[in-house]
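What follows is one structure encoded as structure tokens, with my remarks underneath.
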Amino acid sequence: MKAFASAPAKMILFGEHSVVYGEPAIAGAVNKRAFVQIKRSFNDKSYLKSYDLNFEVELDTQNKSYILKKGKPGIIRYILEALSRVHDHSPIMMILSSQIPIGSGLGSSAAVTVATLAALYRYHNIRFTKKSLAHDAHMVEQAVQGVASPLDTLVSTYGGIVYLSRNKKFYPFKTKFNAPFVVGYTTKHGNTAKMVKGVRILKNRNPKLIDPVISAMGNLTNTAKYAISKGDYARIGELMNINHGFLDVLGVNTVELSRMVYTARECGAIGSKITGAGGGGSVIALCPGKTHEVSQGIAKQDNILPVKFTKKGVSSRVRW
Ligand code: MEV
């Protein structure tokens with residue numbers, strides 16, 4: 001028997017970092033996915049292989065450790081954590097493939113975690129719902145990162161565009177909003193745990209300065225919610241630019257991210273900002289009618305990834 005699961009990447013439109021402190025956020029699933037396949041191992045050992053990410057490891061699922069055979073497995077801690085919570089430690093072969101650049105700020109760890117858990121539940125014939133899966137995946141992210149909001153795992157599980165409120169209630173967005181975004185990413189990876197910790201240190205050292213910024217970011221997200229439901233691109237773009245300024249204040253900007261943000265605006269984007277944890281990773285640019293110009297501008301020095309919002313969340317099945 002083989003179990004299969006896949007889950008989408010996400011793009012945070014508004015509210016990264018401030019969401020960690022209970023402020024609202026808006027994010028959408030995009031049409032790049034992580035795929036996990038699990039079957040019985042051909043011998044008495046467990047393995048994890050990824051042909052496209054170019055790594056291979058022998059897994060010790062009991063001790064959450066591994067022996068590296070080939071390559072560099074960036075997201076392995078999430079997989080080991082998921083295995084330790086669900087797997088019975090029988091020998092398995094896991095194959096991971098991902099269309100999401102690792103460390104890009106597009107939620108590769110959440111997508112891999114959600115897909116791994118869903119595949120494991122299928123493999124062991126354990127009943128689950130989207131609600132229980134999103135919850136369990138959030139617990140895995142929290143265990144690995146120390147601090148994590150439920151945002152990334154919710155989006156990867158449910159798909160679509162979601163609004164996460166101040167009291168952590170999540171609402172699928174009722175909008176046909178499918179604006180043309182360009183994602184630009186650097187080869188310099190972001191590290192979510194490190195960036196979240198950096199913001200916490202800054203906030204603890206300067207509460208009178210940083211607390212009002214975080215609460216302004218929450219107000220900005222709520223203003224954006226209204227603009228998105230009306231499809232008011234000009235307003236959304238303006239709010240994205242302000243959000244980028246706030247993220248810069250929090251210390252998660254880099255030279256490369258700034259370069260992409262301002263190149264996008266020079267090439268005609270009406271809004272551009274970091275998406276995700278920052279410190280490397282990606283920016284998003286809202287550029288109706290200027291997708292080509294903005295893509296070409298960013299691609300001169302960095303990478304672009306054409307993405308679209310998708311309603312499709314996690315999907316899983318078994319084959320006998
Ligand atoms: C990372 O994609 C988003 C952050 O807000 C962290 C989190 O929400 O857990 C930076």
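Just follow the structure's listing: the first ligand is 1, and inside any ligand the first atom is 1.
Within 6.0 Å of CZ in Arg77 there are 12 or fewer heavy atoms belonging to other residues, nucleotides or ligands. Around NE2 of His292, the count of heavy atoms belonging to other residues, nucleotides or ligands within 6.0 Å does not exceed 12.
Close approach of ligand 1 to Glu16 is summarised as follows: ligand atoms under 4.0 Å from at least one heavy atom of the residue are 5 (O). Residue-ligand proximity, Lys10 to ligand 1, at heavy-atom distances under 4.0 Å covers atoms 2 (O). Close approach of ligand 1 to Asp152 is summarised as follows: ligand atoms under 4.0 Å from at least one heavy atom of the residue are 1 (C), 2 (O). For ligand 1, the atoms closer than 4.0 angstrom to any heavy atom of Ala148 are 9 (O). Which parts of ligand 1 touch Val20 is read off a 4.0 Å heavy-atom cut-off, strictly below it: atoms 5 (O), 6 (C), 7 (C), 8 (O).
A salt bridge between Asp136 and Arg85 is absent, with no side-chain N of the basic residue lying under 4.0 Å from a carboxylate O of the acidic one.
Residue His17 holds the heavy atom nearest to atom 5 (O) of ligand 1 of all those in Met195, Met11, His17.
The nearest protein atom to atom 3 (C) of ligand 1, hydrogens excluded, is given as Ile12 CD1, 3.7 Å; this is a heavy-atom distance. With hydrogens left out, the protein atom closest to atom 9 (O) of ligand 1 is Ser149 N, 2.7 Å, a heavy atom.
Put simply, no part of Glu141 is less than 4.0 Å from ligand 1, judged by heavy atoms.
A pairwise comparison of heavy atoms in Ala119 and Val36 identifies CB-CG1, 3.9 Å as the closest pair.
Ring pair Phe181/Phe309 is perpendicular by interplanar angle, where above 60° counts as perpendicular and below 30° as parallel.
Between Tyr233 atom OH and Leu286 atom CG the span is 7.0 Å, to the nearest 0.5 Å.
Heavy atoms of Val19 found under 4.0 angstrom from ligand 1 belong exclusively to the side chain.
Checked against the 6.0 Å centroid threshold, Tyr66 and Tyr47 do not count as a close aromatic pair.
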